[in-house]
Amino acid sequence: MDAAQPLIAAGRRFDARGWVLGTSGNFSAVVSRDPLRLAITRSGTHKGELTPDDILEYGDGVVLRGEGSASAETALHVEIVRARGAGAVMHTHSIWSTLLSHRYAEDGGLAISGYEMLKGLSGIASHEHREWLPILENDQDMPRLATVAAQVLADHPECHGFLLRRHGLYTWGATPAEAVRHVEILEFLLESVARSKETASWRS
Ligand SMILES: [Zn+2]
(Lines give C-alpha, C1' and ligand atoms only; values in the text may rest on other atoms or scores of the structure.)
Protein backbone atom coordinates (compact mmCIF):
# COMPACT_ATOMS: atom_id res chain seq x y z
CA MET A 1 0.00 0.00 0.00
CA ASP A 2 1.53 3.33 -1.09
CA ALA A 3 0.13 5.07 1.96
CA ALA A 4 2.16 2.82 4.29
CA GLN A 5 5.63 4.28 3.72
CA PRO A 6 4.96 7.82 5.00
CA LEU A 7 3.35 6.36 8.14
CA ILE A 8 6.31 4.04 8.77
CA ALA A 9 8.72 6.95 8.29
CA ALA A 10 6.67 9.15 10.63
CA GLY A 11 6.87 6.48 13.33
CA ARG A 12 10.67 6.37 13.14
CA ARG A 13 10.91 10.16 13.33
CA PHE A 14 8.60 10.47 16.30
CA ASP A 15 10.18 7.53 18.13
CA ALA A 16 13.57 9.24 17.83
CA ARG A 17 12.05 12.13 19.80
CA GLY A 18 10.37 9.93 22.43
CA TRP A 19 6.85 10.89 21.36
CA VAL A 20 5.52 7.33 20.76
CA LEU A 21 7.06 5.18 23.52
CA GLY A 22 5.76 1.70 24.26
CA THR A 23 3.02 0.97 21.75
CA SER A 24 1.54 4.47 22.03
CA GLY A 25 0.40 6.75 19.23
CA ASN A 26 -1.32 5.98 15.95
CA PHE A 27 -1.24 7.35 12.41
CA SER A 28 -3.54 7.20 9.42
CA ALA A 29 -3.67 8.39 5.82
CA VAL A 30 -6.66 8.61 3.50
CA VAL A 31 -6.53 6.05 0.70
CA SER A 32 -9.88 7.07 -0.82
CA ARG A 33 -12.66 9.41 0.26
CA ASP A 34 -15.71 7.89 -1.34
CA PRO A 35 -16.00 5.33 0.02
CA LEU A 36 -13.77 6.38 2.91
CA ARG A 37 -10.74 4.11 3.20
CA LEU A 38 -7.90 4.72 5.63
CA ALA A 39 -4.43 3.26 5.92
CA ILE A 40 -3.97 3.03 9.69
CA THR A 41 -1.48 1.60 12.14
CA ARG A 42 -2.28 -1.77 13.68
CA SER A 43 -3.10 -1.84 17.38
CA GLY A 44 -0.29 -2.91 19.72
CA THR A 45 2.64 -2.05 17.46
CA HIS A 46 5.72 -0.04 18.37
CA LYS A 47 5.56 2.99 16.08
CA GLY A 48 9.33 3.21 15.75
CA GLU A 49 9.45 -0.33 14.35
CA LEU A 50 6.53 -0.42 11.91
CA THR A 51 6.66 -2.67 8.86
CA PRO A 52 4.26 -2.63 5.87
CA ASP A 53 2.31 -5.48 7.55
CA ASP A 54 1.53 -3.14 10.46
CA ILE A 55 -0.42 -0.76 8.21
CA LEU A 56 -4.01 -1.93 7.73
CA GLU A 57 -6.69 -0.74 5.36
CA TYR A 58 -9.84 0.28 7.21
CA GLY A 59 -13.30 1.26 6.01
CA ASP A 60 -17.00 0.80 6.83
CA GLY A 61 -16.08 0.02 10.45
CA VAL A 62 -13.90 -2.99 9.67
CA VAL A 63 -10.36 -3.95 8.63
CA LEU A 64 -10.52 -4.59 4.89
CA ARG A 65 -6.91 -5.58 4.35
CA GLY A 66 -4.19 -6.86 6.70
CA GLU A 67 -4.01 -8.95 9.89
CA GLY A 68 -4.97 -7.75 13.35
CA SER A 69 -7.14 -4.93 14.60
CA ALA A 70 -6.97 -1.27 13.71
CA SER A 71 -5.93 1.21 16.36
CA ALA A 72 -8.39 1.48 19.24
CA GLU A 73 -8.66 5.19 18.41
CA THR A 74 -9.70 4.71 14.77
CA ALA A 75 -13.06 6.40 15.40
CA LEU A 76 -11.22 9.63 16.22
CA HIS A 77 -9.26 9.48 12.99
CA VAL A 78 -12.45 9.00 10.99
CA GLU A 79 -14.08 11.94 12.77
CA ILE A 80 -11.11 14.25 12.08
CA VAL A 81 -10.93 13.22 8.41
CA ARG A 82 -14.64 13.95 8.03
CA ALA A 83 -14.59 17.24 9.93
CA ARG A 84 -11.42 18.69 8.44
CA GLY A 85 -11.11 16.98 5.07
CA ALA A 86 -7.70 15.84 6.32
CA GLY A 87 -5.50 13.57 4.24
CA ALA A 88 -3.64 12.24 7.28
CA VAL A 89 -4.11 12.18 11.07
CA MET A 90 -1.34 11.69 13.62
CA HIS A 91 -1.43 11.08 17.35
CA THR A 92 1.52 11.18 19.75
CA HIS A 93 1.99 10.66 23.51
CA SER A 94 4.77 13.05 24.48
CA ILE A 95 5.60 13.99 28.04
CA TRP A 96 4.94 17.69 27.39
CA SER A 97 1.50 17.16 25.85
CA THR A 98 0.65 14.83 28.73
CA LEU A 99 1.67 17.37 31.38
CA LEU A 100 0.17 20.47 29.74
CA SER A 101 -3.12 18.74 28.89
CA HIS A 102 -3.63 18.23 32.61
CA ARG A 103 -2.29 21.62 33.72
CA TYR A 104 -4.74 23.51 31.46
CA ALA A 105 -7.64 21.04 31.43
CA GLU A 106 -9.87 23.22 33.60
CA ASP A 107 -9.50 26.06 31.06
CA GLY A 108 -10.72 23.77 28.29
CA GLY A 109 -7.62 24.44 26.23
CA LEU A 110 -4.28 26.10 25.88
CA ALA A 111 -3.47 29.32 23.98
CA ILE A 112 -0.09 29.56 22.27
CA SER A 113 1.07 32.84 20.75
CA GLY A 114 4.22 34.84 20.01
CA TYR A 115 6.35 31.96 18.74
CA GLU A 116 7.99 32.00 15.30
CA MET A 117 7.33 28.26 14.98
CA LEU A 118 3.58 28.95 14.79
CA LYS A 119 4.26 29.78 11.14
CA GLY A 120 4.81 26.07 10.55
CA LEU A 121 1.06 25.54 10.97
CA SER A 122 -0.92 25.53 7.74
CA GLY A 123 -2.25 29.00 6.82
CA ILE A 124 -0.38 30.86 9.59
CA ALA A 125 1.86 33.71 8.45
CA SER A 126 2.86 35.47 11.68
CA HIS A 127 4.25 34.70 15.13
CA GLU A 128 1.45 36.95 16.43
CA HIS A 129 -1.12 34.24 15.66
CA ARG A 130 -2.94 32.87 18.72
CA GLU A 131 -3.39 29.13 18.42
CA TRP A 132 -6.06 27.63 20.66
CA LEU A 133 -5.42 23.98 21.40
CA PRO A 134 -8.61 22.51 22.90
CA ILE A 135 -8.28 19.92 25.69
CA LEU A 136 -10.75 17.02 25.88
CA GLU A 137 -11.22 14.78 28.89
CA ASN A 138 -9.69 11.40 28.23
CA ASP A 139 -12.20 8.59 27.75
CA GLN A 140 -11.88 4.84 27.03
CA ASP A 141 -15.34 4.88 25.41
CA MET A 142 -14.26 5.63 21.84
CA PRO A 143 -17.66 6.30 20.25
CA ARG A 144 -18.37 8.81 23.05
CA LEU A 145 -14.93 10.41 22.72
CA ALA A 146 -15.36 10.65 18.93
CA THR A 147 -18.68 12.45 19.47
CA VAL A 148 -17.02 14.95 21.83
CA ALA A 149 -14.16 15.44 19.36
CA ALA A 150 -16.61 16.15 16.52
CA GLN A 151 -18.23 18.87 18.64
CA VAL A 152 -14.87 20.41 19.59
CA LEU A 153 -13.80 20.47 15.93
CA ALA A 154 -17.07 22.20 15.04
CA ASP A 155 -16.67 24.72 17.89
CA HIS A 156 -13.04 25.52 16.97
CA PRO A 157 -12.89 25.53 13.16
CA GLU A 158 -9.46 27.22 13.17
CA CYS A 159 -7.61 24.79 15.43
CA HIS A 160 -4.80 22.65 14.02
CA GLY A 161 -4.96 20.01 16.74
CA PHE A 162 -6.30 19.10 20.17
CA LEU A 163 -5.08 17.44 23.36
CA LEU A 164 -6.58 14.55 25.29
CA ARG A 165 -6.08 15.05 29.02
CA ARG A 166 -3.01 13.24 30.40
CA HIS A 167 -2.95 11.32 27.14
CA GLY A 168 -1.53 13.14 24.11
CA LEU A 169 -1.82 15.21 20.95
CA TYR A 170 -3.97 14.81 17.86
CA THR A 171 -3.19 16.79 14.73
CA TRP A 172 -3.73 16.36 11.01
CA GLY A 173 -2.79 17.71 7.59
CA ALA A 174 -3.79 17.72 3.95
CA THR A 175 -1.02 15.16 3.36
CA PRO A 176 1.05 12.84 5.59
CA ALA A 177 3.98 15.28 5.22
CA GLU A 178 1.86 18.18 6.46
CA ALA A 179 0.55 16.10 9.38
CA VAL A 180 4.15 15.20 10.35
CA ARG A 181 5.07 18.89 10.19
CA HIS A 182 2.15 19.78 12.45
CA VAL A 183 3.22 17.17 15.00
CA GLU A 184 6.75 18.59 15.02
CA ILE A 185 5.56 22.19 15.27
CA LEU A 186 2.99 21.54 17.99
CA GLU A 187 5.33 19.33 20.02
CA PHE A 188 8.00 22.04 19.77
CA LEU A 189 5.49 24.67 20.94
CA LEU A 190 4.19 22.52 23.79
CA GLU A 191 7.71 21.87 25.04
CA SER A 192 8.54 25.57 24.74
CA VAL A 193 5.43 26.59 26.70
CA ALA A 194 6.10 24.04 29.43
CA ARG A 195 9.79 24.84 29.74
CA SER A 196 9.10 28.59 29.78
CA LYS A 197 7.17 27.99 33.01
CA GLU A 198 10.21 26.24 34.48
CA THR A 199 12.54 29.04 33.39
CA ALA A 200 10.24 31.93 34.36
CA SER A 201 12.65 32.90 37.16
CA TRP A 202 15.34 33.70 34.54
CA ARG A 203 13.58 37.03 33.96
CA SER A 204 14.20 38.28 37.49
ZN1 LIG B 1 -3.47 7.57 22.43
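Indexing begins at 1, ligand by ligand and atom by atom, following the structure's order.
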Whether Thr92 side chain and Gly25 backbone form a donor-acceptor pair below 3.5 Å: no
Below 30° counts as parallel, above 60° as perpendicular, anything between as tilted: where do the rings of Trp172 and Phe162 land? tilted
In terms of ring plane angle, is the pair His93 and His167 parallel, tilted or perpendicular, where the classes change at 30° and 60°? perpendicular
Can you list, by chain and residue number, the protein N, O or S atoms under 2.8 Å from the Zn ion (ligand 1)? Glu73 OE2, His91 NE2, His93 NE2, His167 NE2
Flag yes if more than 12 heavy atoms outside Arg166 fall under 6.0 Å of its CZ atom; otherwise flag no. no
If you measure from the Lys or Arg side-chain nitrogens to the Asp or Glu carboxylate oxygens, is any gap between Asp54 and Arg42 under 4.0 Å? yes
How about CG on Leu36, more than 12 heavy atoms from neighbouring residues, nucleotides or ligands closer than 6.0 Å, or not? yes
